[in-house]
Amino acid sequence: EYPQLAVGFGAVVGFVADHSPGFLKHTVRWRPNKFEVPYIEESDEQHDADDQYEATLGVVLFAIDAWCLWLVFAIARRACPDETSLVRAARLLGYIVFTSACGLILFDRQDLLVAWIALLAMWYLAADRPRLGYAVLALGTAYKLVPILLLPVGVIAAAPARCGALSIAS
C-alpha cells in the first residue's frame, strides 16, 4: 500500500524515536492492542522499541495535523478573502471536530501525511504557484496514489491564469 517514500517517512520517525525522551513509550501502554498475542509474546526490549516508535509517530503526526489546520486556514484566507472571521473560525472548528471524531487512529496511520501533501498542493495552487502545486501532487502520488485525485482541482485552478480574463464562472 505504501511505496518507498512512505518507508522513508517511517525511517525518519524511527530516527526521531531513537532520539526522543524515553518516557514517550509509556504513553501508549494503555492501548487495547497491548494485551493481544503478538504484543504479549515480545520481549521487554522489543516492547520498549515498538512503544517508543508508536508514541513518536503519534507526536509527529500531531505536528503534521497542526500544520494541516494552518494550511486549511491559509487556503481559505487566500481563496475566500472576503469571508468574516466567524466563518473562518467555523471552518477551522469543523476541521478540529472532524479530526477529533477520527480519534487516535488518526495518529497511528500515515493517511494524515497524505492529507498534508494534498493540502500543501492546494495551498500552492491557491497561491498562484501551479507548478509547485503539481510537483507536490506528483510527490504525493509517489507516496500514495490518493493525491492524484486532486489533479482536476489543479487544472481548474490554473484555467483562469491560462485563459487571461476568462473565468470559471463564465
Side-chain angles (χ1 to χ4, degrees), residues 1-17 20 24 27-28 31 53-170:
E1 180 181 3
Y2 292 103
Q4 292 81 2
L5 287 178
V7 173
F9 174 73
V12 169
V13 172
F15 178 80
V16 173
S20 295
L24 281 179
T27 62
V28 296
R31 290 185 164 187
Y53 181 87
E54 185 178 345
T56 304
L57 176 64
V59 170
V60 168
L61 289 175
F62 181 80
I64 290 172
D65 186 34
W67 196 348
C68 285
L69 179 65
W70 180 85
L71 283 170
V72 167
F73 172 78
I75 292 166
R77 199 171 111 204
R78 187 170 294 272
C80 309
D82 297 331
E83 75 181 4
T84 65
S85 296
L86 184 62
V87 171
R88 198 166 286 144
R91 179 178 285 113
L92 295 178
L93 181 63
Y95 178 89
I96 292 168
V97 167
F98 174 75
T99 56
S100 298
C102 290
L104 290 176
I105 194 157
L106 187 68
F107 303 113
D108 283 341
R109 301 178 45 84
Q110 295 187 18
D111 296 324
L112 194 54
L113 189 63
V114 176
W116 173 77
I117 291 169
L119 283 169
L120 188 61
M122 290 175 64
W123 181 72
Y124 280 123
L125 292 172
D128 292 330
R129 299 178 79 183
R131 287 187 179 136
L132 276 174
Y134 293 138
V136 170
L137 277 179
L139 182 69
T141 303
Y143 190 87
K144 193 171 180 179
L145 285 175
V146 173
I148 197 68
L149 298 174
L150 285 177
L151 189 58
V153 173
V155 171
I156 291 170
R162 283 194 319 265
C163 300
L166 180 66
S167 71
I168 295 172
S170 57

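We're numbering straight along the sequence, starting at 1. Everything numeric here is computed off the predicted structure, so don't read it as measured data.
- Not counting sequence neighbours, the partners of T84 by the side-chain contact (heavy atoms from CB on, under 4.5 Å) test are L86, V87.
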Acceptor/donor pairs from residues 58-77 side chains to any protein atom, 3.5 angstrom cut, sequence neighbours excluded:
unit_1 : atom_1 : unit_2 : atom_2 : d
D65    : OD1    : Y95    : OH     : 2.6

Worked verdict on F15 versus T56 for side-chain contact (heavy atoms from CB on, under 4.5 Å): CA-CA 10 Å; F15 178 80; T56 304; over 6 Å; no

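- To the nearest 0.5 angstrom, L112 atom CG is 11.0 Å from W116 atom CH2.
- Once rounded to the nearest 0.5 Å, the distance linking CG of L137 with CG of L125 reads 6.5 Å.
- Residues V28 and Y53 fail the side-chain proximity criterion, which asks for heavy atoms closer than 4.5 Å.
- What you find for P81 and R88 is that their closest heavy atoms are O-NH2, 4.1 Å.
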Go through it in stages, so that I can follow the logic: the residues are V136 and I117, the test is side-chain contact (heavy atoms from CB on, under 4.5 Å), and I'd like the CA-CA distance, side-chain angles, deciding distance and then a yes or no. CA-CA 7 Å; V136 170; I117 291 169; 3.9 Å; yes

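- Residues I105 and C102 approach most closely at CG2-O, 3.2 Å, considering heavy atoms.
- Across every non-hydrogen atom of A121 and G133, the tightest pair is CB-O, 3.6 Å.
- For R78 against A126, the heavy-atom pair with the smallest separation is CD-O, 2.5 Å.
- Between A55 and L24, the shortest heavy-atom distance links the atoms CB-O, 3.2 Å.
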